[in-house]
Amino acid sequence: MNKSDRDTRGAQEPFEEPVILPTEDVLDLHAFAPKEIPSVVEEYIEQCREAEIAEVRLIHGKGTGTQRAVVRHLLGSHSGVISFTDAPPEAGGWGATIVRLRTQKASGGSDRSA
C-alpha cells in the first residue's frame, strides 16, 4: 500500500448526495482553497442571477490582496456583472467587494451558450 492509498482509504464523503445550500446575498470565500475561488465565484454569480439577486457581497479578506485581485479579475470579465466596488467600511471595506448583477429576468433569460 502506498502513501496515497493510505490517505484516501479512510476518507469518505460525509453525505451520499450533494448538499444544497440556499443562495444568499453574501459569500465568504475564506472557507475555500485559493485554487477553488474562480470556479466558486463563477457558480455563485450564476446561482444569484437565477435567483434574481441583483447585488451581492463577496468577502475575500484583506490579507495581501491576492484573493481580491483574483475575484476582481473574474468580475471584470463576467458578462453577468454590471459593476463592482469595495464594500462600505461597516461591511468589510476593501476586504469585501459589492457586486451588481444582471439578473436572468432583466437580461431576458440565460445568456449561457449551449
Side-chain angles (χ1 to χ4, degrees):
M1 179 174 3
N2 64 35
K3 183 181 181 325
S4 65
D5 290 338
R6 283 191 305 268
D7 290 345
T8 59
R9 219 172 129 192
Q12 294 181 358
E13 293 295 323
F15 304 102
E16 298 271 330
E17 300 291 324
V19 176
I20 306 298
L21 299 173
T23 303
E24 299 178 343
D25 63 352
V26 177
L27 178 62
D28 187 343
L29 296 170
H30 287 99
F32 301 98
K35 67 181 180 183
E36 297 174 329
I37 299 297
S39 62
V40 167
V41 171
E42 177 78 29
E43 181 63 25
Y44 175 69
I45 288 171
E46 291 308 316
Q47 292 295 319
C48 288
R49 293 181 66 215
E50 289 173 16
E52 300 296 320
I53 299 173
E55 186 173 281
V56 299
R57 181 169 54 120
L58 299 174
I59 303 170
H60 40 69
K62 294 180 179 176
T64 62
T66 303
Q67 294 292 24
R68 178 179 186 260
V70 168
V71 167
R72 288 180 171 222
H73 177 75
L74 186 135
L75 296 174
S77 62
H78 196 290
S79 63
V81 173
I82 296 170
S83 65
F84 57 90
T85 189
D86 286 344
E90 66 276 7
W94 60 274
T97 298
I98 302 294
V99 186
R100 288 187 51 228
L101 302 173
R102 286 183 180 85
T103 60
Q104 294 292 328
K105 185 183 279 186
S107 63
S110 178
D111 60 4
R112 285 185 164 180
S113 328

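Nothing here was measured: the structure is a model prediction, and the numbers come from that model.
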K.L.:
For Arg72, run the side-chain contact (heavy atoms from CB on, under 4.5 Å) check against Val99, Leu58, Asp86 and tell me which one passes.
P.N.:
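With Arg72 as partner, side-chain contact (heavy atoms from CB on, under 4.5 Å) holds for just one option, Asp86.
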K.L.:
Does the Arg57 side chain pair with the main chain of Ala87, one donor and one acceptor, at a distance under 3.5 Å?
P.N.:
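No, because the side chain of Arg57 does not come within donor-acceptor range (under 3.5 Å) of the backbone of Ala87.
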K.L.:
With a 4.5 Å heavy-atom cut-off, do Leu27 and Phe32 have their side chains touching?
P.N.:
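In short, these two side chains touch, coming nearer than 4.5 Å.
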K.L.:
What pair of heavy atoms forms the shortest contact from Cys48 to Val56, and how long is it?
P.N.:
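It is SG-CG1, 3.6 Å.
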K.L.:
Provide the closest heavy-atom pair for Val41 versus Val71 in the form atom of the first, atom of the second, distance.
P.N.:
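Heavy atoms only, the tightest pair is CG2-CG2, 4.4 Å.
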K.L.:
Are any side-chain N or O atoms of Tyr44 and backbone N or O atoms of Val26, one a donor and one an acceptor, separated by less than 3.5 Å?
P.N.:
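Answer holds: yes.
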K.L.:
Identify the heavy atoms of Ala91 and Ala96 that sit nearest to each other, and give their distance.
P.N.:
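Result for this residue pair: O-CB, 3.7 Å.
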K.L.:
Could you tell me whether a side-chain N or O of Arg102 sits under 3.5 Å from a main-chain N or O of Val81, the two making a donor and an acceptor?
P.N.:
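Yes, Arg102 side chain to Val81 backbone: donor-acceptor pair under 3.5 Å.
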K.L.:
Atom CD of Glu43 and atom OG1 of Thr23: how far apart are they, to the nearest 0.5 Å?
P.N.:
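Rounded to the nearest 0.5 Å, the CD-OG1 separation comes to 9.0 Å.
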K.L.:
Applying side chain to side chain contact (heavy atoms under 4.5 Å, CB included), run through Asp25 and Glu55 and close with a yes or a no.
P.N.:
CA-CA 7 Å; Asp25 63 352; Glu55 186 173 281; over 6 Å; no
K.L.:
So do the side chains of Gln67 and Leu29 get within less than 4.5 Å of each other, counting heavy atoms only?
P.N.:
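A side-chain contact under 4.5 Å is absent here.
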K.L.:
Among Leu101, Thr97, Val70, which one satisfies side-chain contact (heavy atoms from CB on, under 4.5 Å) with Leu75?
P.N.:
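That would be Thr97; it is the only one of Leu101, Thr97, Val70 passing the side-chain contact (heavy atoms from CB on, under 4.5 Å) with Leu75.
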